[in-house]
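Some notes on the structure that comes next.
Ligands are counted one by one from 1 in listed order, and the atoms in each one are counted from 1 as well. These numbers come from the heavy atoms of this one structure, side chains and all, not from hydrogens, waters or symmetry mates.
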Amino acid sequence: MMEKQKYAREAGKIDGYGNDMILFEKQTLDWFDRLMLLVRPENERKLKFWPENPQSFRAILFEYATRIEQIEEQLLKSMSRSLNLEEDCFLKQCGQFKRLAAQFNYYPPCPRPDCVLGLKPHADATTVTILLQDEEVEGLQVMKDDKWFCVPIIPCALLVNVGDQIEIMSNGIFKSPVHRALTNSKKARKTLAMFCASEVGKEIELVGELIIFTGSLGWSDVKDILEFGFGILGFGMDHLDHCTSAFQHLGYVTVFAFGCWVFTIPRGFGNHAMWFAMGESIMCVNT
Ligand SMILES: O=C(O)CCC(=O)C(=O)O
Ligand SMILES: [Fe+2]
């Protein structure tokens with residue numbers, strides 16, 4: 001614990017070790033600890049929060065982050081191509097100084113898993129989140145048609161969660177699913193979430209061609225959704241639902257045409273296949 005406290009998060013900041021930010025009285029707290037480290041842009045890294053023990057930690061995280069960025073790039077290109085769009089149309093919107101943050105989640109055993117959640121229902125305010133799941137302990141659930149579905153552990157696979165930024169750019173064709181983490185009475189659970197997001201302050205918007213495709217107006221000129229997302233995470237909700245009501249006052253209409261998308265890619269960074277689970281159907285795409 002003393003070692004962890006050396007890297008404790010400062011009040012109101014995001015980097016470092018800690019628990020939920022307390023945003024209001026009587027907030028329901030999540031049953032987890034986390035270490036959050038901004039990895040890119042490089043000049044914004046705060047190395048004082050990067051553990052020095054084990055010694056290899058920093059080098060491994062740098063290497064892992066580089067690979068994750070390659071995966072994100074391939075994914076964003078593949079998703080654009082799958083919609084018959086130019087392959088860099090999502091990437092272009094992310095700007096030159098894309099952000100990448102690593103969040104190490106630790107869920108200790110909890111005596112009352114029936115009444116305590118590891119992580120409240122939320123959607124990620126990212127382009128995509130790439131999650132390395134615990135090798136043994138399940139806990140992640142995704143909401144679809146108002147029901148919770150357990151995400152299985154697939155050995156040697158990374159889970160890719162579409163985030164709000166891609167939901168916005170794709171006009172809801174790729175939906176950012178609401179998800180949560182359960183607790184376990186006997187075993188601790190560890191996961192590593194890599195949050196990929198656009199440059200700070202860069203406006204993102206739905207890709208014009210998709211208005212015809214979905215027959216709806218969607219998001220326009222959304223900026224800094226990640227900060228907004230962190231701001232309301234304590235409430236445990238879907239940022240876009242929250243934004244939707246705000247935007248409707250401004251005369252925007254948002255239609256999310258499809259259900260949630262979750263897909264996994266086997267770890268290993270050569271030629272890989274992606275499995276898309278959408279509603280009842282599963283497809284496999286070679287990239
Ligand atoms: O730990 C998990 O399974 C989910 C983590 C997550 O959703 C997050 O960190 O945003
Ligand atoms: Fe999440």
Does the side chain of [Y] come within less than 4.5 Å of [X]'s, by heavy atoms?
X	Y	answer
Leu91	Lys77	yes
Leu76	Cys94	yes
Glu44	Arg99	no

Point to revise | Short N or O distance, Gln103 and ligand 1, threshold 3.5 Å exclusive | key: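 It does: an N or O of Gln103 is found under 3.5 Å from an N or O of ligand 1.
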Practice item. Could you establish whether Phe195 and ligand 1 come within less than 4.0 Å of each other, counting only heavy atoms on the residue side? Key: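 It does, in that a heavy atom of Phe195 comes within the 4.0 Å cut-off of ligand 1.
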Exercise for review: May I ask whether Leu131 has any heavy atom positioned less than 4.0 angstrom from an atom of ligand 1?
Suggested key: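 The answer is yes: ligand 1 sits under 4.0 Å from a heavy atom of Leu131.
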Review point. What part of His122, side chain, backbone, both or neither, has a heavy atom within less than 4.0 angstrom of ligand 1?
Key: side chain
**Study point:** ligand 1 versus Asn161: contacting region, heavy-atom distance under 4.0 Å
**Key:** neither
Check your understanding: For atom 3 (O) of ligand 1, which of His179, Arg34, Arg189, Met194 has the closest heavy atom?
Key -> Arg189
Review point. Would the Phe49 and Tyr7 ring centres measure less than 6.0 Å apart?
Key: no
Check your understanding: Which residue supplies the protein heavy atom nearest to atom 2 (C) of ligand 1, what is that atom called, and how far is it?
Key -> Tyr107 OH, 3.4 Å
Check your understanding: What's the shortest distance from atom 8 (C) of ligand 1 to any protein heavy atom, and which residue and atom give it?
Key ->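 Residue, atom and distance for the closest contact: Leu119 CD2, 3.7 Å.
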Check your understanding: When you check the gap from the basic side-chain N to the acidic O, do Lys98 and Glu72 get nearer than 4.0 Å?
Key -> yes
Check your understanding: In a check of side-chain contact (heavy atoms from CB on, under 4.5 Å) between Met79 and each of Leu85, Thr127, Val162, which one passes?
Key ->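 Option passing the side-chain contact (heavy atoms from CB on, under 4.5 Å) with Met79: Val162.
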Review point. How are the rings of Trp50 and Phe57 set to each other: parallel, tilted or perpendicular (split at 30° and 60°)?
Key: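 Ring orientation of Trp50 relative to Phe57: perpendicular.
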Study note, to complete from the structure: Here the N/O/S atom of Asp124 closest to the Fe ion (ligand 2) would be OD1
Review point. With respect to the Fe ion (ligand 2), what is the nearest N, O or S atom of His179?
Key: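 Minimum-distance N/O/S atom of His179 relative to the Fe ion (ligand 2) is NE2.
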Point to revise | Per-atom contacts, ligand 1 versus Asn105 - under 4.0 Å to a heavy atom | key: 1 (O), 5 (C), 9 (O)
**Study point:** Over 12 foreign heavy atoms within 6.0 Å of CD, Glu3
**Key:**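 Yes, CD of Glu3 has more than 12 neighbouring heavy atoms, counting only those of other groups under 6.0 Å.
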